[in-house]
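One structure is given below, encoded as C-alpha cells.
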Amino acid sequence: MPEIRLPDGSVRHYPQEISGMALARDIGPGLARAAVAMRVDGQLKDLSTVVDRDADVAIVVRESPEGLEVLRHSTAHLLAQAVKALFPEAQVTIGPVIENGFFYDFSFPSHAFTPEDLQAIQVKMEELARADLPVRREEVDREAAASLFAGMGEDYKVQIIQDIPGEQPLSLYRQGDFVDLCRGPHVPRTGMLDAFALRTVSGAYWRGDARNPMLQRIYGTAWANRRDLEEYLRQLAEAERRDHRKIGAELELFSIQEDAGGGLVFWHPQGARVRRVIEDYWREMHVRSGYELLYTPHIAHEDLWFTSGHKDFYAESMFQPMEDEGQPYQLKPMNCPFHILVYKSRLRSYRELPIRWAELGTVYRHEMSGALHGLMRVRGFTQDDAHIFCRADQIEEEIAGVLALTREILGSFGFERYEINLSTRPAASVGSDGIWETATRALEGALQKAGLEYRTDEGGGAFYGPKIDLKIEDAIGRRWQCSTIQLDFNLPARFGMEYVAENGAREIPIMVHRAIFGSVERFFGVLIEHYEGRFPLWLAPVQLAVLPISEQQAEYAESVSRQLQEMGLRAEADLRNEKIGYKIRAHTLRRVPFMAVVGDREKDAGTVALRDREGHDLGTFRLTELGEKLRRMDRQRQQALTEG
RNA sequence: GCUGGCAUAGCUCAGUCGGUAGAGCGACUGAUUUGUAAUCAGUAGGUCGCGGGUUCGAUUCCUGCUGCCAGCACCA
C-alpha cells in the first residue's frame with residue numbers, strides 16, 4: 001500500500017505498487033503526455049520504475065530543466081542508434097547533455113562524417129522516432145555488460161565499464177536493436193523525441209586528452225517542442241548576424257591579414273575612431289579615479305622574465321626571444337614586470353601608497369593557431385592594465401574603488417548585468433595563511449559592500465593570490481569574460497619590492513592587477529556583437545551624414561557638415577551623384593546614427609531634415625539646435641539614440 | 001597544436017565530367033539633378049590561396065604548405 005506524496009503536498013494511496021507512468025496517468029492525461037521521467041525521494045528515475053513503498057514522487061515533465069536534460073540525453077541515444085544503423089562499423093563512446101543540446105562521440109577512423117552524412121543521420125533519427133520504439137532499462141552485472149559490449153566490438157564501452165568504480169550492477173538501455181550503457185533515466189518511448197536538429201561534426205579527443213585518439217563528435221540540439229527548437233535556431237542565426245568578423249569587414253573597422261600572420265589586428269580608420277573614443281574615455285576615467293598613466297616598452301631583456309617567473313610558468317605562451325648584440329630580448333606577454341620596475345626605480349614610502357598605475361599596454365602572446373578567433377582570441381592585443389600597490393589594510397578600499405570604476409565604465413557601454421566569481425586559495429600557492437585570509441576577506445567585503453552578487457570558486461584562485469572575475473552579459477544574453485581583479489603575493493616578493501613603513505621597517509607591498517576591458521581588441525569585438533555594429537552616438541565612427549537631395553545643395557551640405565565638425569562632431573557630407581533613397585540606404589547599412597537630408601527647403605531655411613538609422617523621421621532642426629542636441633548626447637554617452 | 005571542412009574579382013557566390021572563367025553588389029566613366037532603404041548605360045577588375053606532381057594541357061586530379069571556419073586541447 002504505497003503512500004505517495006506529490007510536490008503540491010497531496011497524498012495518494014494505491015492498493016499495490018505503481019509505475020511512474022501509471023501514476024502520471026492517474027494524476028492526469030496531460031501530465032502523462034508531458035512526463036519524461038520522475039523523481040522518487042529526490043532520485044531521478046525512469047517512468048517505468050515501480051514504486052512499491054511510501055515515497056515522495058515528482059513527475060518530471062519535458063518543459064522542466066530536468067525534463068529537457070532527459071530529452072536531450074535520449075536524443076543523444078537516438079543519434080547513436082541512427083549512426084549505428086547507417087554505419088555499423090562506427091563505435092559509440094559517450095553522449096552527454098550540454099547547454100542547449102547534446103553530443104555523441106564516435107570512433108570511426110575509416111570514414112569522416114560529412115554534412116551529407118549528418119543529413120542522412122537526421123532523417124534516420126526522425127524515422128526511428130516515428131517508429132515510437134519503447135526504451136527499456138535493464139540491469140546487468142558488470143561482467144555481463146563488459147562481455148556484451150566486447151562481443152559487439154564496442155571497445156570504448158568496455159573501457160568505460162572497466163573504469164566505473166564500485167560493484168553495483170550497471171544499467172543498459174535498449175530501443176529497437178540498439179543498446180547502450182547508460183545511467184539514465186530516459187524517455188519511455190522514442191516517439192517523445194520530436195524537436196531536435198543535428199548541427200555540426202568536429203573532432204574531440206577521447207576523454208578530453210590531447211594524447212588520446214581523436215573521435216568524431218556530432219553536436220545536436222533538442223527541445224521540449226518545435227517552437228522552442230525554432231526559437232533556438234533563430235537565436236543562433238541572430239548570433240551569426242552579429243558576428244564581429246563579418247560586421248568588422250563590412251564596416252571597415254578592422255582586418256586580420258594573412259600577409260602579416262594570424263591573430264594580429266589591423267585597425268582601419270573607422271575602427272580606429274571607435275578605439276580612440278574608447279581609450280580617451282578610459283584615460284579620462286582613470287585619471288579622475290586617481291590613477292597615473294604609464295608607457296612602457298614592448299620588449300625587455302630576457303632576464304627580467306626569469307626574475308618574474310614567466311620564463312618558468314608562462315613560456316608556452318611567449319614568443320621566442322630575439323637576440324641583439326649577443327643579448328636576448330623578450331617580447332612582453334604582460335605589463336606587470338614593467339610597472340614593478342618603475343616602482344623599484346627608487347625607494348618608496350608608505351605615504352605614497354596606494355600607488356595606482358595604469359597603461360594601455362600592448363602585449364604579445366603565442367596563442368596556438370587553432371585558438372585564434374577574430375578579435376576575441378589574438379596574438380597581439382592591448383590590455384587596459386593597471387597595477388595598484390598598497391598595504392594590506394588598504395586592500396578592501398582599493399578593491400571597492402576598482403569595482404566602482406569597473407561598473408561605471410562597463411555601464412557606459414550598456415553592460416549592466418554581470419556574473420561575478422570570487423576565486424580563493426588553491427592547494428598549491430605562495431604567501432602566508434594570514435595574508436590569504438586578510439586578502440580574501442577584503443575582496444568579499446568589497447563585493448558585499450557594493451551589494452554585488454557573486455559566486456565563490458573555492459580553490460579556484462591563482463597560485464599567487466585570490467581574484468575576482470567579472471563576466472558581462474551582452475544584448476542577446478551571452479556572457480563574456482572581460483574584467484578581472486587579481487591580488488598578487490608572488491611578484492612583489494620575487495622582485496624584492498618594498499616600502500618604508502611608518503616605523504621605519506621595510507615592508508613588501510600588496511600588488512593588485514586589474515583590467516576592465518581585459519583586452520581592447522576583445523572588448524571591441526564584444527561591443528560590435530553587443531550593438532550589432534549599431535554603435536551609440538558617442539562611439540559611432542560617423543555620427544551624422546549630411547545628404548543633399550541634388551547637386552544644388554552640395555555647398556550647403558558641406559557647410560553643414562563642416563560646422564558640425566567644428567562643434568566636435570564626426571559628421572560627413574555625401575555628395576555622390578545618387579538619389580536620396582540610395583544614400584539613405586547606404587548610410588543606414590553603415591549604421592550611421594543620424595542622417596540629415598538637405599534639399600532646397602532646408603537650404604533656404606538654414607535647417608536640416610533629420611532621420612535616424614531606424615528609419616524614424618525626427619523632424620526639422622536648425623543647425624545650432626541640432627549641434628547642441630548631438631553634443632549633449634555625445635557628452636552624456638546616451639545609449640538610446642532618441643533620448644534627450 | 002589536433003580532427004574535419006573550406007579557399008574562384010574588393011564583397012557574396014556560380015562554373016569548368018582536365019582545353020587558362022561568369023553574375024550580382026561594389027569601384028570607375030558618362031547620362032540623369034533627383035525629397036527619405038538600390039536611376040540608367042558603359043568600362044575596368046581574376047597567375048581560380050601558394051609550391052610540387054600526374055598530363056600534350058591543371059583553376060579542375062594527386063600531394064605538401066598557408067590561411068580561414070567548426071569543435072577539441074590550450075587560455076596567470
Side-chain angles (χ1 to χ4, degrees), chain A residues 98 103 105 107-109 111-118 199-219 240 243 245-246 249-250 252 255-263 308-310 312-314 316-318 333-334 336 363 365-374 376-378 423 426 460-465 467 469 481 484 486-488 490-491 513 515 518-519 522 547-554 576-590 595-602 609-618:
Chain A
I98 52 174
F103 65 77
D105 285 349
S107 168
F108 195 13
H111 174 80
F113 292 125
T114 63
E116 293 73 44
D117 292 339
L118 228 56
R199 301 204 46 234
T200 55
V201 202
S202 63
Y205 300 109
W206 168 235
R207 296 192 159 146
D209 189 328
R211 289 165 302 191
N212 287 339
M214 186 156 278
L215 309 172
Q216 295 184 63
R217 173 171 297 178
I218 297 178
Y219 282 92
E240 205 174 322
D243 192 320
R245 295 166 300 186
K246 194 172 136 264
E250 274 168 20
E252 294 189 80
S255 66
I256 291 169
Q257 312 244 359
E258 190 172 340
D259 290 343
S308 69
H310 287 96
D312 298 320
F313 302 114
Y314 203 65
E316 274 190 7
S317 294
M318 288 156 70
M334 293 194 192
C336 24
V363 298
R365 297 184 183 174
H366 180 261
E367 299 288 350
M368 282 193 282
S369 57
L372 301 177
H373 178 86
M376 304 302 188
R377 194 84 178 267
V378 292
S423 302
F463 74 88
Y464 51 76
K467 63 174 179 177
D469 287 320
Q481 165 77 63
T484 177
Q486 308 189 354
L487 296 200
D488 191 335
N490 181 49
L491 283 181
H513 308 252
S519 137
R522 184 179 154 81
L547 315 179
I549 298 283
S550 80
E551 221 171 295
Q552 311 309 313
Q553 306 87 28
R576 287 180 298 178
N577 182 6
E578 297 287 354
K579 290 168 99 164
I580 194 66
Y582 178 93
K583 293 184 196 176
I584 285 173
R585 177 178 156 79
H587 292 94
T588 302
L589 292 176
R590 283 176 76 203
M595 284 160 257
V597 174
V598 295
D600 280 335
R601 288 201 294 276
E602 289 76 18
L610 198 64
R611 181 191 210 277
D612 69 17
R613 63 187 158 194
E614 327 313 322
H616 301 119
D617 179 357
L618 303 178

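No experiment lies behind these values; they were computed from the predicted model shown.
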**Item:** Side chain of L589(A) - closest among A37(B), C74(B), U33(B)
**Value:** A37(B)
**Request:** Select from G581(A) and Y219(A) the residue whose nearest nucleotide in RNA chain B is closer to the 5' end of that strand.
**Result:** G581(A)
**Complement of U39(B), any strand, by Watson-Crick or G-U distances under 3.5 angstrom** = A31(B)
**Request:** Under 4.0 Å between any heavy atoms, over every strand shown, what does M334(A) touch: base, sugar-phosphate, or nothing? Just pick one.
**Result:** base
**Prompt:** Would you say the side-chain atoms of D105(A) and Q216(A) include a donor-acceptor pair closer than 3.5 Å?
**Reply:** no
**Request:** Any strand is fair game: report the nucleotide pairing with G22(B) by Watson-Crick or G-U wobble, both distances under 3.5 Å, or none.
**Result:** C13(B)
**Asked** Between the side chains of Y314(A) and R365(A), is a donor N or O closer than 3.5 angstrom to an acceptor N or O?
**Response** yes
**Prompt:** So which nucleotide from U39(B), G35(B), U33(B) ends up closest to the side chain of K579(A)?
**Reply:** U39(B)
**Prompt:** For I580(A), which contact category applies under a 4.0 Å heavy-atom criterion: base, sugar-phosphate, or nothing?
**Reply:** sugar-phosphate
**Asked** So what does R522(A) hit on the nucleic acid, given a heavy-atom distance under 4.0 Å: a base, only sugar-phosphate, or nothing?
**Response** nothing
**Prompt:** Which nucleotide, G71(B), U39(B), A70(B), lies nearest any side-chain atom of R217(A)?
**Reply:** G71(B)
**Request:** Please give the nucleotide sitting opposite U54(B) as a Watson-Crick or G-U wobble pair, both distances under 3.5 Å, or none.
**Result:** none
**Message:** Strictly below 4.0 Å: does R245(A) bring a side-chain N or O up to OP1 or OP2 of C69(B)?
**Reply:** yes
**Asked** Under a 4.0 Å N-O cut-off, is there an ion pair linking K583(A) with E578(A)?
**Response** no
**Closest to side chain of A371(A), choosing from A76(B), C2(B), C74(B)** = C74(B)
**Asked** For H373(A), which contact category applies under a 4.0 Å heavy-atom criterion: base, sugar-phosphate, or nothing?
**Response** sugar-phosphate
**Asked** Side chains of R217(A) and Y219(A): is there a donor and an acceptor less than 3.5 Å apart?
**Response** yes
**Item:** Heavy-atom donor-acceptor pair, R377(A) side-chain to C74(B) base, under 3.5 Å
**Value:** yes
